[in-house]
A.B. asks: 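What follows is a structure written as structure tokens; I'll ask about it next.
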Amino acid sequence: MSLKQQYGLITANYWAFTITDGALRMLVLLFFYQLGYSPLEIAMLFLFYEFFGIVTNLFGGWLGARLGLNVTMNIGLGLQVMALMMLAVSPEWLSVAYVMAAQALSGIAKDLNKMSAKSAIKSLASDTDGQLYRWVSVLTGSKNALKGVGFFVGAVLLGAMGFQYALFVLVMLILVPLFFSIIYLDGQLGKAQNKPKFQEMFSKSPAINWLSGARFFLFGARDVWFVVALPVYLQGVLQWSHTEVGTFMALWITGYGVVQATTPKWTGLKKGRDAGQEHNPTRATAMKLALALAVVPALMAATLSYSPQVILVGGLLVFGVVFALNSAVHSYLIVSYADADGTSKDVGFYYMANAAGRLAGTVLSGWVYQVSGMEMTLWLSALMVLSAGLLVLKAQPVPKTA
């Protein structure tokens, strides 16, 4: 298969997985809120999902560099099938511990899939003509757009056929790309020429470390008010239905993904004056976008009491656009900074920080909302975004040798 065909196969795998991931998130969140679980209890259902994402990115990057990214991607798809089947049991089996265990498998699967897909692009695209930036943006943006589709699918399936049968539909959706991936995905993709040692899982690059720290706070800032506090507030305070919550969040994630996919047209990828070279985004670009983003949740927190529905809907739309630009620039920077030999080590370490930020944001989203309300989750989001902006500015890349 050609490089573009390999990229297409990787993207298709990522898309199918993402739909099931978004649908499963919405199914679990709405189903257990319907059963009477508190916001903090719902957040704890996702604790292992996020925690094992941290572990997976650390070990998965090393594993991908040694065995190849086709292995880690196919393992991820297979584990998602197992996680879905674990939950498709009789409701009396669905204790908190059991659901957390199934979510742990899903978290491992998700981060194996994401690490594999984003690392593979380093081997398939050139960074000299803007192709790498465009391909990373399209992959990341389309993935998030389809996660929004997954939110909608999950909410609709829950209402139409119930929790158990909805999961069977998702299993069928993931088996098709797994079949094609096993047959056609290049077995040498992402293998390091020099096999990395186990102790090399941790990044030794200051730039990667600072960028990873910034990613931790960036995604913590999103999840601290979005993943638990927002849907619970919409349903519990504003009295929205399951379908209304799922549709709104689906539209937001989809729009967010569209912005990510088109980020090169919004920022960074402009022709230079000299030799017609492309100007890719830099750490300064990421810092400026973070400062702009921090203003949004701060303003929302300050004005939420005046008109909660208008402020949340309007503010979330603005937050989505600016956050999408931030995320896309970060995703490009890590792939660009990563070592070409064994890219998945650096990318895995970086997405370990991403998963840690999501874990912190998810737990805080349930706890802070339950203790102090929606406004406090928004103030905390603004503070975390400011931290991300300060850290990314210190991520000075090492000059590439000829």
Side-chain angles (χ1 to χ4, degrees), residues 25-26 29-30 32-34 36-44 46 144 147-148 151-152 155 216-257 259 288-327 357-390:
R25 168 72 62 142
M26 193 56 57
L29 194 153
L30 295 179
F32 283 90
Y33 183 69
Q34 181 179 297
Y37 283 61
S38 72
L40 181 57
E41 288 172 328
I42 292 172
M44 296 307 290
F46 298 106
N144 283 304
K147 188 168 186 176
F151 279 11
F152 177 74
F216 172 90
F217 284 105
L218 182 65
F219 272 75
R222 182 197 67 179
D223 287 3
V224 74
W225 69 282
F226 183 77
V227 297
V228 175
L230 178 65
V232 169
Y233 186 88
L234 291 176
Q235 192 165 49
V237 177
L238 299 184
Q239 300 299 305
W240 288 24
S241 69
H242 288 342
T243 302
E244 287 171 334
V245 173
T247 301
F248 175 65
M249 296 184 73
L251 289 173
W252 185 84
I253 290 285
T254 301
Y256 159 72
V259 173
K288 292 173 184 176
L289 287 170
L291 294 180
L293 180 63
V295 174
V296 181
L299 286 177
M300 291 175 67
T303 58
L304 186 64
S305 60
Y306 294 102
S307 181
Q309 188 154 289
V310 173
I311 296 300
L312 277 178
V313 173
L316 191 61
L317 294 177
V318 177
F319 184 91
V321 171
V322 187
F323 184 86
L325 297 175
N326 271 270
S327 178
R358 292 198 316 267
L359 172 61
T362 298
V363 174
L364 287 171
S365 185
W367 179 67
V368 174
Y369 176 79
Q370 187 166 310
V371 172
S372 302
M374 192 70 194
E375 289 91 342
M376 187 55 67
T377 66
L378 290 165
W379 283 120
L380 186 54
S381 174
L383 181 63
M384 295 177 84
V385 174
L386 284 174
S387 300
L390 293 175

A.B. asks: Find the distance between CG (Leu383) and CG (Leu378) and round it off to the nearest 0.5 Å.
C.D. replies: 13.0 Å

A.B. asks: Does a side-chain heavy-atom distance below 4.5 Å link Arg358 with Arg222?
C.D. replies: yes

A.B. asks: Using 0.5 Å steps for rounding, measure from the CZ atom of Phe216 to the CG atom of Leu359.
C.D. replies: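 If we round to the nearest 0.5 Å, Phe216:CZ and Leu359:CG are 8.0 Å apart.
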
A.B. asks: Can you measure from OG1 (Thr362) to CZ (Phe226) and round to the nearest 0.5 angstrom?
C.D. replies: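 Answer rounded to 0.5 Å: 11.0 Å.
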
A.B. asks: Measure across Leu218 and Ala388 and return the closest heavy-atom pair with its distance rounded to 0.1 Å.
C.D. replies: N-CB, 3.8 Å

A.B. asks: Go through it in stages, so that I can follow the logic: the residues are Val232 and Gln370, the test is side chain to side chain contact (heavy atoms under 4.5 Å, CB included), and I'd like the CA-CA distance, side-chain angles, deciding distance and then a yes or no.
C.D. replies: CA-CA 10 Å; Val232 169; Gln370 187 166 310; over 6 Å; no

A.B. asks: With the side chain counted from C-beta on, respond yes when Leu316 and Leu230 share a heavy-atom pair under 4.5 Å apart, and no when they do not.
C.D. replies: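 SC-SC contact between Leu316 and Leu230 confirmed.
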
A.B. asks: Taking the side chain as everything from C-beta on, heavy atoms only, tell me whether Ser365 gets closer than 4.5 Å to Asp223.
C.D. replies: no

A.B. asks: Mind telling me whether Tyr369 and Tyr233 have parallel, tilted or perpendicular rings, with 30° and 60° as the class edges?
C.D. replies: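 Perpendicular, since the angle between the ring planes exceeds 60°.
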
A.B. asks: Could you check Val322 against Asn326 for side chain to side chain contact (heavy atoms under 4.5 Å, CB included), going step by step and ending with a plain yes or no?
C.D. replies: CA-CA 6 Å; Val322 187; Asn326 271 270; 3.8 Å; yes

A.B. asks: Using the benzene-type ring in the case of Trp, are the ring centres of Trp252 and Phe248 under 6.0 Å apart?
C.D. replies: no

A.B. asks: Please lay out, stage by stage, how Ile311 and Tyr306 fare under the test side chain to side chain contact (heavy atoms under 4.5 Å, CB included).
C.D. replies: CA-CA 8 Å; Ile311 296 300; Tyr306 294 102; 5.6 Å; no

A.B. asks: Do Met374 and Val237 have side-chain heavy atoms sitting under 4.5 Å apart?
C.D. replies: no

A.B. asks: Are any of the side-chain heavy atoms of Leu364 and Thr377 separated by less than 4.5 Å?
C.D. replies: no

A.B. asks: Do Phe319 and Ser381 have side chains that get closer than 4.5 Å, going by heavy atoms?
C.D. replies: yes

A.B. asks: So which atom in Val245 and which in Leu30 form the shortest heavy-atom distance, rounded to 0.1 Å?
C.D. replies: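 Shortest heavy-atom contact: CG1-CD2, 4.5 Å.
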
A.B. asks: Val385 and Ala294: which non-hydrogen atoms are nearest, and at how many Å?
C.D. replies: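 Minimum heavy-atom separation between Val385 and Ala294: CG1-N, 3.6 Å.
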
A.B. asks: For Ser305 and Pro308, which heavy atoms make the closest approach, and how far apart are they?
C.D. replies: O-CD, 4.2 Å

A.B. asks: Does the side chain of Phe152 reach to within under 4.5 Å of the side chain of Thr254, using non-hydrogen atoms?
C.D. replies: no

A.B. asks: For a quick test of reading the model, state the closest non-hydrogen atom pair linking Met384 to Ala221 and the distance between them.
C.D. replies: CB-CB, 3.7 Å

A.B. asks: For a 4.5 angstrom cut-off between non-hydrogen side-chain atoms, does Trp240 reach Thr247?
C.D. replies: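 Side chain of Trp240 against side chain of Thr247, heavy atoms only: no contact under 4.5 Å found.
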
A.B. asks: What distance separates Met26 CE from Lys147 NZ, expressed to the nearest 0.5 Å?
C.D. replies: 9.5 Å

A.B. asks: What is the minimum heavy-atom distance between Leu29 and Phe46, and which atoms define it?
C.D. replies: N-CZ, 4.2 Å

